[in-house]
**Student:** 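Have a look at this one.
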Amino acid sequence: MAGIIRSTLAGRNAVALLTQKSVDVTCFRYASSNRVKRIKKPEITNRDANQAKAAAMRAEAEEQSLLYEGKRFESVAQSLSARGYLRAIKPYTPPENVAKQVLKLAKENGLTDARKPFGGMEKKFAFLSACGKALGHWVPNSMLHEVQTVEDATIFYQTPIDTRLPLDAIRSVELPENLHIQQDYVRFHPETDTMFGGKSAFPKSSTVVTGLKYKQKYRGHEAKKSWP
């Protein structure tokens with residue numbers, strides 16, 4: 001009986017020892033797999049090739065910036081021309097020789113290079129004042145910082161300003177044959193529309209003119225109500 005007990009205890013100890021070894025081996029395996037890997041050193045590349053590529057990229061960026069500078073004020077002038085009717089400014093039609101006039105005024109004020117920025121605020125003020133007096137058209141305060149060269153001023157004075165509403169501007173446009181735009185309103189009045197005995201298709205609807213400007217142009221009509 002004592003021999004059986006000893007053999008059983010010995011078996012249990014052997015199983016516990018094997019289990020502990022397997023756990024230790026598993027932990028060691030996971031620890032080795034999660035170990036921090038070494039950082040690879042960057043490879044040394046061709047320095048001259050990289051410098052040449054960087055110089056080409058800088059040259060391309062400078063070219064794009066110069067192209068943008070050339071179109072900068074042109075886009076501002078086009079925006080002013082397209083939205084002129086929304087601004088409190090006077091209409092302007094550029095003369096045929098406006099570019100020659102601007103260049104002449106620039107030379108009179110000591111500005112010989114059209115693309116060179118103004119030498120100072122006094123020269124800029126004298127030049128733009130002379131242009132405004134000669135052409136009757138002044139640069140708005142919101143655009144003074146945009147006019148940096150004589151070329152910018154030339155573009156500004158070559159841009160027409162139309163202050164008419166788009167609906168009024170259509171009057172001077174030749175429309176296609178299948179398109180007709182009725183410029184004036186059509187309002188019913190029983191005294192003038194007598195085709196059906198002065199009766200309207202909407203007998204209970206009134207056509208009241210409330211604006212002071214259009215009261216003199218259109219007659220209002222208040223429909224009679226049977227109720228309330």
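Each residue takes its place number in the sequence, starting with 1.
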**Student:** Is there a continuous path of hydrophobic side-chain contacts, each under 4.5 Å between heavy atoms, that joins I161 to W138?
**Tutor:**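 Unlinked, I161 and W138 end up in two clusters.
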**Student:** Enumerate, atom names and distances included, each donor-acceptor pair closer than 3.5 Å involving a side-chain atom of residues 110-119, sequence neighbours excluded.
**Tutor:**
{"from": "D113", "atom 1": "OD1", "to": "R115", "atom 2": "N", "distance (Å)": "3.2"}

**Student:** Any link between V150 and F125 through a network of hydrophobic side chains (Ile, Leu, Val, Met, Phe, Trp, Tyr) touching at under 4.5 Å?
**Tutor:**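 In one cluster: no.
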**Student:** Quick check against the 3.5 Å criterion: does T159 have a side-chain atom that pairs as donor or acceptor with the backbone of I155?
**Tutor:**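 Pair found, side chain donor or acceptor close to backbone of I155.
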**Student:** Return the set of residues passing side-chain contact (heavy atoms from CB on, under 4.5 Å) with P91 (not counting sequence neighbours), or none when no residue passes.
**Tutor:**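 Partners of P91 under the side-chain contact (heavy atoms from CB on, under 4.5 Å) test: T163.
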**Student:** Check for a donor-acceptor pair, side chain of K124 on one end and backbone N or O of V147 on the other, with a separation under 3.5 Å.
**Tutor:**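 Answer holds: yes.
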**Student:** Are more than 12 heavy atoms from other residues, nucleotides or ligands located less than 6.0 Å from atom CG of L212?
**Tutor:**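 Open.
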**Student:** When rounded to the nearest 0.5 angstrom, what is the spacing between OG1 in T192 and NE2 in H221?
**Tutor:**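 Those atoms lie 10.0 Å apart.
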**Student:** Please determine whether residues L135 and M143 belong to a single hydrophobic cluster, defined as Ile, Leu, Val, Met, Phe, Trp and Tyr linked transitively by side-chain heavy-atom distances below 4.5 Å.
**Tutor:**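 Yes; M143 is reachable from L135 via cluster members.
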**Student:** Any side-chain heavy atom of E108 within less than 4.5 Å of one from F127?
**Tutor:**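 The answer is no; the side chains never approach within 4.5 Å.
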**Student:** Check whether any side-chain N or O of T149 sits under 3.5 Å from a backbone N or O of D152 as a donor-acceptor pair, and report yes or no.
**Tutor:**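 Indeed, once roles are kept as given, a pair shorter than 3.5 Å links the two residues.
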**Student:** Does the plane of the ring in Y157 sit parallel, tilted or perpendicular to the ring in Y92? Use 30° and 60° as the thresholds.
**Tutor:**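 Rings of Y157 and Y92: perpendicular, over 60°.
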**Student:** Check each of E146, H137, E151 against F156 using the side-chain contact (heavy atoms from CB on, under 4.5 Å) test, and report the only one that passes.
**Tutor:**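 Passing option: H137.
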**Student:** So, using side-chain contact (heavy atoms from CB on, under 4.5 Å) as the criterion, who are the partners of Y218 when residues are at least two apart?
**Tutor:**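 So Y218 forms a side-chain contact (heavy atoms from CB on, under 4.5 Å) with D184, Y185, R187, V209, Y214.
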**Student:** Could you name each residue pair satisfying side-chain hydrogen bond (donor to acceptor under 3.5 Å, both in side chains) that touches residues 197-207, not counting sequence neighbours?
**Tutor:**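 Residue pairs passing side-chain hydrogen bond (donor to acceptor under 3.5 Å, both in side chains), neighbours aside: K204-S226.
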**Student:** Taking salt bridge (Lys or Arg N to Asp or Glu O under 4.0 Å) as the test, write out the residues that go with E191, two or more places apart.
**Tutor:**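 Salt bridge (Lys or Arg N to Asp or Glu O under 4.0 Å) check on E191 returns R219.
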**Student:** Please list, chain by chain and in numerical order, all residues satisfying side-chain contact (heavy atoms from CB on, under 4.5 Å) with F196, sequence neighbours excluded.
**Tutor:**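 Residues passing side-chain contact (heavy atoms from CB on, under 4.5 Å) with F196: none at all.
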**Student:** When the side chains of residues 93-100 are checked against the rest of the protein, which donor-acceptor pairs come out under 3.5 Å, sequence neighbours left out?
**Tutor:**
{"from": "N97", "atom 1": "OD1", "to": "Q101", "atom 2": "NE2", "distance (Å)": "2.9"}

**Student:** I'd like a table of donor-acceptor pairs (distance under 3.5 Å, sequence neighbours excluded) in which one partner is a side-chain atom from residues 169-180, with atom names and distances.
**Tutor:**
{"from": "S172", "atom 1": "OG", "to": "A169", "atom 2": "O", "distance (Å)": "3.0"}

**Student:** Could you work out, with side-chain contact (heavy atoms from CB on, under 4.5 Å) as the rule, every residue matching A134, not counting sequence neighbours?
**Tutor:**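 Checked A134 against side-chain contact (heavy atoms from CB on, under 4.5 Å); matches are L105.
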**Student:** Any donor and acceptor pair, going by atom type alone, linking the side chain of D168 with main-chain N or O of R164 inside 3.5 Å?
**Tutor:**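 No: the side chain of D168 does not pair with the backbone of R164.
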